[in-house]
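These numbers come from a predicted model, not from an experiment. Side-chain atoms are counted along with the backbone in the values below, which use heavy atoms only and exclude waters and symmetry mates. In what follows, chains are A, B, ... by sequence order, proteins preceding strands, each numbered from 1.
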Protein chains: 2
Amino acid sequence: MENVKISKVVMIGAGNLAFHLSQAVKRAGMEVVQVYSRTEESACLLGNLLGCSYTTDNKGISREGDLYILSLTDEAIVDFSNKLDFSGKIVVHTSGGLDMDVLKGVTRYYGVVYPVQTFSKEKEVDFMKIPLCIEAVNESVKNVLFDFAGEFSPELYSLDTPRRRKLHVAAVFACNFVNHMYFIASEILKSENLPFDLLRPLILETANKMNELSPFAAQTGPAKRNDQLVIKKHLDLLSFSPEFREIYRELTGSIRNMQEKKNN
Amino acid sequence: MENVKISKVVMIGAGNLAFHLSQAVKRAGMEVVQVYSRTEESACLLGNLLGCSYTTDNKGISREGDLYILSLTDEAIVDFSNKLDFSGKIVVHTSGGLDMDVLKGVTRYYGVVYPVQTFSKEKEVDFMKIPLCIEAVNESVKNVLFDFAGEFSPELYSLDTPRRRKLHVAAVFACNFVNHMYFIASEILKSENLPFDLLRPLILETANKMNELSPFAAQTGPAKRNDQLVIKKHLDLLSFSPEFREIYRELTGSIRNMQEKKNN
């Protein structure tokens with residue numbers, strides 16, 4: 001495995017992450033030799049985009065790759081790992097939460113390349129700014145994976161499974177739950193026919209603040225100031241949605257806890 | 001009140017919003033004649049920054065202004081309104097949640113200029129990109145306020161109190177609660193000594209997505225995919241904080257509700 005340089009990649013999966021990662025691999029000068037997906041539609045879409053063959057039959061997966069990237073749901077990765085044999089090949093998965101060792105029956109050379117990013121097919125993304133967290137079964141595979149990942153991102157981190165998992169939970173808060181806050185905000189605006197545009201500068205500034213301030217230092221608003229009059233009024237205004245009201249109450253309480261802990 | 005053009009502003013308050021707004025007013029070529037704050041320290045800081053006089057005595061507030069901006073907590077605005085008489089002057093407050101009419105005892109010419117943004121003294125902000133929501137007691141005051149606000153932002157909206165209040169609740173979700181998600185993420189990372197840098201590109205991309213996609217279309221992650229294996233694992237990993245665990249559970253449930261409603 002020493003001095004191996006990845007030049008041919010087989011992409012197993014055609015979801016949002018696979019969609020962007022396979023294009024980054026191609027742009028970095030490597031060849032994506034084949035795309036596999038369970039569904040004809042996404043296999044075909046990505047295969048055509050990359051100008052390579054595709055298959056929906058796991059028995060039809062090419063043996064020509066140096067590297068096989070399993071970019072599927074956690075369940076599907078486990079399922080695949082029990083079915084496939086890629087002895088002699090390097091195989092990685094891209095999951096934030098899944099044990100590296102689920103791949104140990106597939107090959108002796110396995111690892112993980114987890115990009116800390118959110119991917120939607122409709123939205124371009126610059127891989128050069130994406131931290132990639134790498135784990136490998138041994139040092140020589142790790143070196144190969146660092147060389148491979150370094151072709152399309154300068155932000156490489158070595159992270160074992162327990163730390164990668166914790167990072168993945170943190171990412172759910174920083175991305176999925178944040179996005180859900182945007183969703184709730186948009187629903188509140190809709191109830192008054194107000195345009196979402198009103199919040200775009202606020203959303204960007206709130207994120208941009210993280211380049212200069214800690215989340216604790218950046219916090220503002222009624223919960224931080226413990227402005228009970230405003231908080232009560234807001235809870236009244238949210239009576240149209242018991243669900244949003246409860247989330248408001250809980251997050252306000254959690255911000256108060258944060259303030260009180262830091263002040264003591 | 002017709003054809004009045006604001007040239008002299010008195011800033012009542014020296015908090016984060018007053019700090020940035022008064023500088024924007026000055027940069028737009030108007031004069032800030034005086035700053036009032038309850039505390040000597042913040043009055044002095046902002047007065048010196050603007051090169052104007054300051055006071056901590058509400059009886060010492062200058063009569064020279066054309067426009068008086070009350071940029072205080074909601075409670076302090078109400079308190080001030082009961083104490084002060086600015087007959088003949090234009091007076092506005094900058095609160096998202098407070099009735100315009102709390103000012104009606106202060107002058108006949110009153111209104112609201114609410115900037116939809118989060119302000120921290122340590123962080124520069126471009127007023128040209130901040131939506132300003134304006135309300136006024138009558139058309140002529142509204143015209144004066146639109147002219148005034150138009151000097152430092154092109155994003156002007158006319159919004160009555162009930163709609164401004166709803167917008168303010170939405171802003172708490174889009175900003176304060178989002179920031180709290182960043183805080184929780186940072187605490188989770190700290191528990192493994194992982195650097196916050198790992199999440200910065202994700203945080204920016206999650207916000208940037210809002211320029212192209214709706215919050216519903218932008219959502220990704222285990223809750224959206226209803227990936228129960230991952231969700232269960234995440235709840236286990238959060239056992240170190242029952243508070244964060246409960247927030248994870250509740251927001252995951254809320255994302256599921258969103259998906260199910262939209263799919264029906």
Relative to chain A, which segment of [X] carries a heavy atom at a distance below 4.5 Å: side chain, backbone, both, or neither?
X         : result
Lys121(B) : neither
Asn208(B) : both
Tyr182(B) : both
Phe196(B) : side chain
Pro195(B) : side chain
Ile255(B) : both
Val169(B) : both
Thr252(B) : both
Asp74(B)  : both

Examine whether an atom of [X] lies under 4.5 Å from a heavy atom of chain B, and if so say whether it belongs to the side chain, the backbone or both; otherwise answer neither.
X         : result
Lys233(A) : side chain
Asn176(A) : both
Ala223(A) : neither
Ser120(A) : both
Glu155(A) : neither
Arg200(A) : side chain
Glu124(A) : backbone

Measure the spacing between [atom1] of [X] and [atom2] of [Y] and express it to the nearest 0.5 Å.
X         : Y         : atom1 : atom2 : value
Arg164(A) : Leu194(B) : CZ    : CG    : 12.0 Å
Glu250(A) : Arg249(B) : CD    : CZ    : 10.5 Å
Cys175(B) : Glu205(A) : SG    : CD    : 8.5 Å

Do Thr118(A) and Thr220(B) pair up side chain to side chain, a donor and an acceptor below 3.5 Å, judged on atom types alone?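 Yes, side-chain donor-acceptor contact under 3.5 Å.
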Would you call the rings of Phe216(A) and Phe183(B) parallel, tilted or perpendicular, taking 30° and 60° as the class edges?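 Answer is tilted, since the angle falls between 30° and 60°.
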Where does the angle between the aromatic ring planes of His168(A) and His234(B) fall among parallel (under 30°), tilted (30 to 60°) and perpendicular (over 60°)?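 Perpendicular, since the angle between the ring planes exceeds 60°.
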Tell me the closest heavy-atom pair linking Ile203(A) and Ala174(B), and the distance in Å.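 Smallest interatomic distance, heavy atoms only, reads CG1-CB, 4.0 Å.
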Is any side-chain heavy atom of Phe177(B) closer than 4.5 Å to a side-chain heavy atom of Phe177(A)?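 In short, these two side chains do not touch, never coming nearer than 4.5 Å.
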